[in-house]
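Each remark here refers to the structure printed beneath this line.
By convention here, the first residue in the shown sequence is residue 1. The structure displayed is predicted, hence computed values, not measured ones.
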Amino acid sequence: IAMQADKQYAAAKEQFLKLQSVDLPAPVMARVQNSLAQINSSEKWQFNASASYIQDKNLNDVPDSFARPGYRPPEKVSGNGLQVSGSANKRFNLPDNFYATVGGNASLKGYLDVSDYNDYLFTASAGVGYDDAKNDVSLTPFVTKRYYDEEAYSLRKGVTVSGSRWVKPKLKLTATGILSKETFEDDDNQNRETDGRFLGLNAFYIKDAKEYFYGGLGNYQNDVPKS
């Protein structure tokens with residue numbers, strides 16, 4: 001039980017499996033089986049999906065006003081469509097509080113009347129991490145392929161570094177950093193790319209069994225595409 005509380009899931013699972021072959025009192029055996037089920041559940045595939053209706057009256061991002069006199073702005077393009085997203089993630093518990101993860105997600109935005117603005121994102125990731133009762137640190141490389149107007153648009157490669165700690169029994173702090181490089185599918189210039197950097201800080205506070213507070217700050221910088 002103590003190993004499970006410290007998130008030593010691989011070692012705890014081994015001990016629980018051994019205990020199942022021992023003649024234990026019924027209440028103790030029930031607790032062993034419940035703990036084993038919790039550990040097995042942590043390694044199951046996790047799936048999520050969502051869908052929403054989109055109504056965008058300015059797909060081409062035309063400003064409401066222009067500073068240059070005499071310039072005639074293009075007409076705003078409106079569209080109606082659907083946004084569908086889904087993800088699948090799995091955790092593998094390793095010895096000594098380590099773990100590995102694999103996952104993928106897709107975000108599909110399609111318009112019924114203006115397919116020129118259809119936007120599809122596909123991401124795959126695999127990472128490693130360490131966690132115990134107070135800490136969780138992970139390193140997750142990822143790759144994202146984007147399609148726009150039904151054609152390949154860009155390929156983004158990067159890595160996410162995340163760390164969290166329960167600094168007090170009711171207060172958890174989390175820091176996340178992302179570094180990435182995006183290369184664009186450009187027939188005229190195959191070397192066009194841009195670098196992205198993100199840093200986020202979050203706090204999670206549990207007031208009581210019914211109320212909690214969550215907040216954070218984030219900064220994202222994206223360089224102008226290099227030609």
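Within a 6.0 Å sphere centred on CD of Glu75, heavy atoms belonging to other residues, nucleotides or ligands number 12 at most.
Leu199 belongs to no hydrophobic cluster with other residues, because no ILVMFWY side-chain heavy atom falls under 4.5 Å from its own, directly or through intermediates. Through side-chain heavy atoms spaced under 4.5 Å, either directly or across other Ile, Leu, Val, Met, Phe, Trp or Tyr residues, Val143 is tied to Leu155.
Residues Phe198 and Thr160 form no side-chain contact, since every pair of their non-hydrogen atoms from C-beta on lies 4.5 Å or further apart. Phe142 places a side-chain heavy atom less than 4.5 Å from the side chain of Ile178. Considering only heavy atoms from C-beta on, Asn60 comes within 4.5 Å of Asn58 through its side chain.
The NZ atom of Lys76 sits 10.0 Å away from the CG atom of Asp61 when rounded to the nearest 0.5 Å. Interatomic distance, Lys145 NZ to Tyr120 OH, rounded to the nearest 0.5 Å: 15.0 Å.
With sequence neighbours excluded, the residues satisfying ring pair (Phe, Tyr, Trp, His ring centres under 6.0 Å) with Phe204 are Tyr212. Residues satisfying the side chain to side chain contact (heavy atoms under 4.5 Å, CB included) criterion with Gln221, sequence neighbours excluded, are Arg197, Asn219. For Tyr205, there are no ring pair (Phe, Tyr, Trp, His ring centres under 6.0 Å) partners two or more places apart in sequence or in a different chain. Legend: residues meeting ring pair (Phe, Tyr, Trp, His ring centres under 6.0 Å) with Tyr148, ordered by chain and number and at least two apart, are Tyr153. Every salt bridge (Lys or Arg N to Asp or Glu O under 4.0 Å) that Asp119 has, sequence neighbours left out, goes to Arg146. Listed by chain and residue number, Tyr53, Asn80 satisfy the side chain to side chain contact (heavy atoms under 4.5 Å, CB included) test with Gln55 (two or more places apart in sequence, or in another chain). Partners of Tyr130 under the ring pair (Phe, Tyr, Trp, His ring centres under 6.0 Å) rule, at least two apart in sequence or in another chain, are Phe98.
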What pairs of donor and acceptor atoms, side-chain ones from residues 161-172 against any protein atom, are under 3.5 angstrom apart with sequence neighbours left out?
{"residue": "Arg165", "atom": "NH1", "partner": "Asn135", "partner atom": "OD1", "Å": "2.7"}
{"residue": "Lys170", "atom": "NZ", "partner": "Lys207", "partner atom": "O", "Å": "3.2"}

Acceptor/donor pairs from residues 81-92 side chains to any protein atom, 3.5 angstrom cut, sequence neighbours excluded:
{"residue": "Ser85", "atom": "OG", "partner": "Ser50", "partner atom": "OG", "Å": "2.7"}
{"residue": "Lys90", "atom": "NZ", "partner": "Glu43", "partner atom": "O", "Å": "2.2"}
{"residue": "Arg91", "atom": "NE", "partner": "Asn93", "partner atom": "OD1", "Å": "2.7"}
{"residue": "Arg91", "atom": "NH1", "partner": "Asp131", "partner atom": "OD2", "Å": "3.2"}
{"residue": "Arg91", "atom": "NH2", "partner": "Asn93", "partner atom": "OD1", "Å": "3.3"}
{"residue": "Arg91", "atom": "NH2", "partner": "Asp131", "partner atom": "OD1", "Å": "3.4"}
{"residue": "Arg91", "atom": "NH2", "partner": "Asp131", "partner atom": "OD2", "Å": "3.2"}

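Both Phe213 and Leu173 sit in one connected hydrophobic cluster of ILVMFWY residues. Membership requires side-chain heavy atoms under 4.5 Å apart, directly or through other members. Tyr214 and Leu217 fall into different hydrophobic clusters, where Ile, Leu, Val, Met, Phe, Trp and Tyr residues are linked whenever their side-chain heavy atoms come under 4.5 Å apart, directly or through other members. In the hydrophobic clustering of ILVMFWY residues, with side-chain heavy atoms under 4.5 Å counting as a link, Leu36 and Val28 come out together.
Annotation for Thr140 and Ser125: closest pair CG2-CB, 3.8 Å, computed over non-hydrogen atoms. When all heavy atoms are compared, the tightest approach of Ala152 to Glu185 is O-CB, 3.5 Å. Across all their heavy atoms, Ser180 and Arg156 have their closest contact at OG-NE, 3.0 Å. Summarising the geometry of Leu94 relative to Ala100, their closest heavy-atom pair is CD1-N, 4.0 Å, with the distance given to 0.1 Å. In terms of heavy-atom proximity, Phe122 sits nearest to Ala106 at CD2-CB, 3.8 Å. The minimum heavy-atom distance linking Leu59 with Tyr117 is given by the pair O-CE2, 3.9 Å.
A donor-acceptor pair under 3.5 Å is absent between the side-chain atoms of Ser41 and the main chain of Ala37, judged by distance alone.
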Are Trp45 and Val102 close enough, and set up right, to give a side chain to side chain contact (heavy atoms under 4.5 Å, CB included), and what steps lead you there? CA-CA 10 Å; Trp45 279 98; Val102 294; 3.9 Å; yes
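For the side chain to side chain donor-acceptor pair (under 3.5 Å) condition, the pairs that include at least one residue of residues 97-112, sequence neighbours left out, are Tyr99-Asp136.
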